[in-house]
Number of protein chains: 2
Amino acid sequence: MRSMAPAPTESATTVPPAPAAKLGLRERKKIQTSQAIRHAAYRLFEEQGYDATPVDQIAEEAEVSPSTVFRYFPTKEDIVLTDEYDPMIEETLRARPASEPPVAALREALSDSLARVFDKDATETWQRIRLIREVPALRARMSEQSAETCRLLARALAERADRPVDDLEVRIVTGAMLGALTEAMFSWIDSGGSKTLTDLERLVARALNVLERGLTL
Amino acid sequence: MRSMAPAPTESATTVPPAPAAKLGLRERKKIQTSQAIRHAAYRLFEEQGYDATPVDQIAEEAEVSPSTVFRYFPTKEDIVLTDEYDPMIEETLRARPASEPPVAALREALSDSLARVFDKDATETWQRIRLIREVPALRARMSEQSAETCRLLARALAERADRPVDDLEVRIVTGAMLGALTEAMFSWIDSGGSKTLTDLERLVARALNVLERGLTL
DNA sequence: CGAGGTATTGACAGTGACTCTCTTTTGAGA
DNA sequence: TCTCAAAAGAGAGTCACTGTCAATACCTCG
């Protein structure tokens, strides 16, 4: 658990049909292996918990060697924390008109992206979020990723507002947004039962409202 | 690096004169040891970097056994991340009149607490913050602590506003505040030269303004 | 002041997440 | 089918911990 090596190249995650056709055998096997590892891991985490599951066991369950697991996922945490929506949000955000105030733009960008993330693989997404919520190491690591997201958002926002990327106000806006959204997401998980997308969207909407209102209660 | 065991009991951190008199030899030695470890660690981190400094070496430099290091600091990260100001902020926040809006109350509470933290041991504080800024593992761990702080803030705010602790709006307000303040702090470090307290206060003030303004640029 | 109990320490033997290096296997292209 | 490069496996090594056990140091009470 040291540096943050980038996740291995891997475009589609849980999408077998669409783009699988035109890839060579090699590429297809890579996707298979990565999925085998992830699925094995989720299965074992579910049964015995994250901390109680050594990587060697995941490797065994996935029928690969331990070294291969680390080749695909630089850290154990990355098996859970492979996310593909950061760039998606940035892209969507960039597409919003520059005249919109930041919070409004984010609102639109999010409602687009959330839907896309969810109908990809809803149950695994849910399982992942729950793990992140419960395992300290994952939570910590995910904050790190959020910081990364923060920088992405900042870039997009700065560009929209025609300010430098490291502008203090831009950074503060993104920091606050991310903080608020994270709380909204966790609150969604904490409220056990309601795990539908619309529930999440409602929470996010409320979060953005609070932000626009100047954090008054 | 799993659970978050509480740091060992140790009230004063870098204050030899005042309360040192009435403690037994045992207690005094404990404080000495803990300081020896911390100082040895900071020295080595400065020279060769955090990641490149094994705990065994810190132990050697501090002239204690490796096991003793772990007895004092449950993880290597904790050597850097022992913070005492979280409860301080909460207490100060609680003392503000309930009629004040959240952001205003935080503004006052912060200007109180920041000063107190800083004139305790300014140079070590600075060194610590820089480490946190630069070492991913520390950053991640510190976010975890922030989440804890978040809960403290939420508790104080909820009480003030006479709402339940897990109220969504309360959580969002605290999340956003923490996010904004973290960015302000990092921005302070990034702006290399200006490491005075008043500079930080200025940044914090701007951050709070942005929040009050509803995150507009 | 000295005996006895307890807190603290050190030595040591794990475990588990990585890292590195080296060899073997296996798709891909000629 | 042959060759080359990418990928997988094997194995040794590092380092952050964890748990146990025996030795030592303070403290308290007689």
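Note that the coordinates shown come from a computational prediction; the quantities given were computed from them, not determined experimentally. Chain A is the first sequence line, chain B the second, and so forth, proteins listed ahead of strands; every chain is numbered from 1.
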What about Arg71(A): does its side chain form a donor-acceptor pair under 3.5 Å with the base of dG9(D)? yes

Round to a whole Å and report the spacing from [atom1] of [X] to [atom2] of [N].
X: Gln57(B); N: dT14(D); atom1: CD; atom2: C1'; result: 14 Å
X: Gln32(B); N: dT9(C); atom1: CD; atom2: P; result: 11 Å
X: Glu77(A); N: dG16(C); atom1: CD; atom2: C1'; result: 13 Å
X: Asp78(B); N: dT18(D); atom1: CG; atom2: P; result: 10 Å
X: Asp51(A); N: dT15(C); atom1: CG; atom2: P; result: 17 Å
X: Lys30(A); N: dA28(C); atom1: NZ; atom2: C1'; result: 13 Å
X: Leu25(A); N: dG27(C); atom1: CG; atom2: P; result: 6 Å
X: Phe73(B); N: dT8(C); atom1: CZ; atom2: P; result: 15 Å

For [N], does OP1 or OP2 lie under 4.0 Å from any side-chain N or O of [X]?
X: Thr68(B); N: dG10(C); result: yes
X: Lys76(B); N: dC15(D); result: no
X: Tyr72(B); N: dT9(C); result: yes
X: Lys29(B); N: dC26(D); result: yes

Give Ser67(B) one of three labels, base, sugar-phosphate or nothing, depending on what nucleic acid heavy atoms sit under 4.0 Å from its own. base

Per Phe70(B) side chain, nearest of listed nucleotides dA25(D), dG10(C), dT18(D): dT18(D)

As a test of reading the structure: which of dT26(C), dC17(D), dA25(D) is closest to the side chain of Arg26(A), going by heavy atoms? dT26(C)

Compare all side-chain heavy atoms of Leu153(B) with those of Leu106(B) and state whether any distance is below 4.5 angstrom. yes

Salt bridge (charged side-chain N to carboxylate O under 4.0 Å, His left out) between Arg151(A) and Asp166(A), intermediate numbers included: CA-CA 9 Å; Arg151(A) 247 159 283 145; Asp166(A) 59 337; over 6 Å; no

Dump the intermediate steps for salt bridge (charged side-chain N to carboxylate O under 4.0 Å, His left out) on Glu144(A) and Arg139(A), then the final yes or no. CA-CA 9 Å; Glu144(A) 264 299 285; Arg139(A) 250 180 354 233; over 6 Å; no

Return the minimal non-hydrogen interatomic distance between Ile172(B) and Arg206(A), and the atom names on each side. CD1-C, 4.3 Å

Nearest-nucleotide check on DNA chain D, Glu27(B) vs Pro54(B); residue mapping nearer the 5' end is Pro54(B)

So which one's nearest nucleotide on DNA chain D is more toward 5', Pro66(A) or Asp56(B)? Pro66(A)

Heavy-atom nearest nucleotide on DNA chain C taken for Val55(A) and for Glu63(B); more 5' hit belongs to Glu63(B)

Donor-acceptor contact present, side-chain Ser146(B) to main-chain Met142(B), <3.5 Å: yes

